[in-house]
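A short worksheet on the structure shown next.
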Amino acid sequence: ITVLAATPLFLLGFFAFAPDFDAGFPGTAQLTPETAGFWAAFIGSALIVLSNPISFGAFLGDWSRYVPRDTPRRKLIGATLGAQLLTLIPFFFGLMTSSIIAVKAPDYLANANYTGGLLAITHGWFFTPLLLLALVGGSFLQWRLHADFDTIETRNATLSMQQLARNIQSEIEHLDDLNTDWGHWDGLYNFMRHQDRSFARNDLGVDALISARLNLLTIFDRQLQPVAAHALDTRSGTASSLEPYAPVLAIVTEELRRNASSNRCGLFSIPASALILCWQPIYRSDGTGDHAGSVLMARLLDQRITTRMQRQSELDFSLQALPLQATVMAAPSRTDFHPREIGITAARPGVLQASLPGITGEPTLGLNLRYARDVSTQGQSVIGQTMAFLFVVVALAAVVLLIGISTMVTRRLHRIGTDLQQISSHNRWSDTVRGAEGRDELSLLARNVNHVLGVIHRQVQHLELL
């Protein structure tokens, strides 16, 4: 926005200063290669001009990311040359205004104060858009920086959300590995063949769930009848009712009825809680023979797991079980998720939301990540301090400028008045006042005064002859 506004403002400036511009201005110093100081001025000016295209080199790698790969080379070269030619507009504007300042306000250039000289020669109607450009540029910069701060925070928070999804994926993989070990456990395979009650009591009871940190363990035979089924309340470490897990047992039973060798692991939700659910056929450890049934296990994503993940990741998040409508399994391609491909949205400033699919293919687990807004807070503080500093600097510069202009004008007026007093007191009408060599209004006033003094001098001479 600032660039688009500055370009027409520069072009408008050419028309604003055109009446005062002298294309044949010889300069304040006549330098030739033999003159002392010529080569220093020449090399310094050349380096300034060369720094213009070179200054863009550091950003080519960043800008080129936004150029499509199929852009024709002709357009790339044309855009590059065109952009460099457009940067000459400020150079010509500076040369033009500097020559005007050298004639109308030479004291500013003598003190290396181009900005003050530019303000001194600027017409009132052009001064207003100049201030508007500064206001628009400052406002746009503040808005752009604030947006960049938000982008940085959101990008970092998105990476944290993806890390959280990977942590949940690791939990699923951990339970899947445990389920696989049980599915290839010779002791469990022999139990399914011989129905040893002591094995069920000692190795498939509540103690087994406590040891494996499971909330549900169910062993199905080939007729899909549960030969062992236990649920555990992890808070109390005691057996609990299987009733809350009825949807789990129903959907897994239906899946095994369709495919007896089904092997799945993923997310599922029951009222008020989400869980990781895995099951697979039971085989010998060497994988030989027919399967003897299926082993199902589930682990709630409860406060214990959430606290452990928060401690390990140092993230401030919460998990939410989403209600399910489907009663059948979805294809594995719809239940798997990749942390970098999950849909992440901004719920409100400082909070990101995402949802992970479960074994039914529906959104099953909601993730809410709260992240600190330190970048925006610190950035706004820096912007506020910078804007306040700039305001103070501009205000002081304006005061100094006004005092300087006032002092310069009053000094020149006082000098004209002093010269007139000296001329009138000594009747030296042939003398002239100083300051008539410039092209500004005070110089014009001095020339008019000298013209009047000349008229008075001629009249006095004429009266003396009479």
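Here the side chains of Arg299 and His174 are in contact, with some heavy-atom distance below 4.5 Å. Between Tyr245 and Leu300, some side-chain heavy-atom pair lies under the 4.5 Å cut-off. At a threshold of 4.5 Å between non-hydrogen side-chain atoms, the residues Leu356 and Thr364 do not count as touching. Here the side chains of Phe21 and Phe14 are not in contact, with every heavy-atom distance at 4.5 Å or above. For the pair Tyr371/Leu315, no side-chain contact is recorded, criterion being any heavy-atom separation below 4.5 Å from C-beta on. Side-chain atoms of Leu277 and Val252, non-hydrogen and from C-beta on, do get closer than 4.5 Å to each other.
Although no hydrogens or angles enter the test, the distance criterion places no donor-acceptor pair under 3.5 Å between the side chain of Asn179 and the main chain of Leu175. Although no hydrogens or angles enter the test, the distance criterion places no donor-acceptor pair under 3.5 Å between the side chain of Ser269 and the main chain of Ala274. Under the 3.5 Å distance criterion, the side-chain polar atoms of His426 are matched with a main-chain donor or acceptor of Gln422. A donor-acceptor pair is defined here as one N or O able to donate and one able to accept, closer than 3.5 Å; no such pair exists between the side chain of Ser273 and the backbone of Ile270. A donor-acceptor pair is defined here as one N or O able to donate and one able to accept, closer than 3.5 Å; such a pair exists between the side chain of Asp419 and the backbone of Arg434.
Between Leu216 and Leu209, the shortest heavy-atom contact is N-CD2, 4.1 Å. Closest heavy-atom contact between Ala354 and Ile342: CB-CD1, 4.2 Å. Between Leu267 and Pro357, the shortest heavy-atom contact is CD1-O, 3.8 Å. Heavy-atom minimum distance, Thr158 versus Leu352: N-CD1, 3.7 Å. The shortest non-hydrogen separation linking Ala212 to Leu178 is CB-CD2, 3.9 Å. The minimum heavy-atom distance linking Cys265 with Ile276 is given by the pair SG-CG2, 4.5 Å.
Residue pairs meeting the side chain to side chain donor-acceptor pair (under 3.5 Å) criterion with at least one member in residues 343-358, sequence neighbours excluded, are Gln353-Asn368.
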>> For a salt bridge (charged side-chain N to carboxylate O under 4.0 Å, His left out) check, start with the C-alpha distance between Arg308 and Glu171, then their side-chain angles and the critical distance, and finish with the verdict.
In response: CA-CA 11 Å; Arg308 173 167 53 80; Glu171 295 290 334; 2.8 Å; yes
>> Evaluate Asn167 against Gln163 for side chain to side chain donor-acceptor pair (under 3.5 Å), listing each step before the verdict.
In response: CA-CA 6 Å; Asn167 291 345; Gln163 179 59 48; 3.0 Å; yes
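With a 6.0 Å radius and a threshold of 12 heavy atoms from other residues, nucleotides or ligands, Phe91 has its CZ atom above the threshold. By the 6.0 Å contact criterion, CD on Glu314 is open, its count of non-hydrogen atoms from other residues, nucleotides or ligands being 12 or less. Arg213 CZ: 12 or fewer foreign heavy atoms inside a 6.0 Å radius.
Between the side chains of Gln303 and Thr307, at least one donor-acceptor pair of N or O atoms lies under 3.5 Å. Arg428 and His457 share no side-chain donor-acceptor pair at under 3.5 Å. One side chain, Thr234 or Asp302, offers a donor N or O that lies under 3.5 Å from an acceptor on the other.
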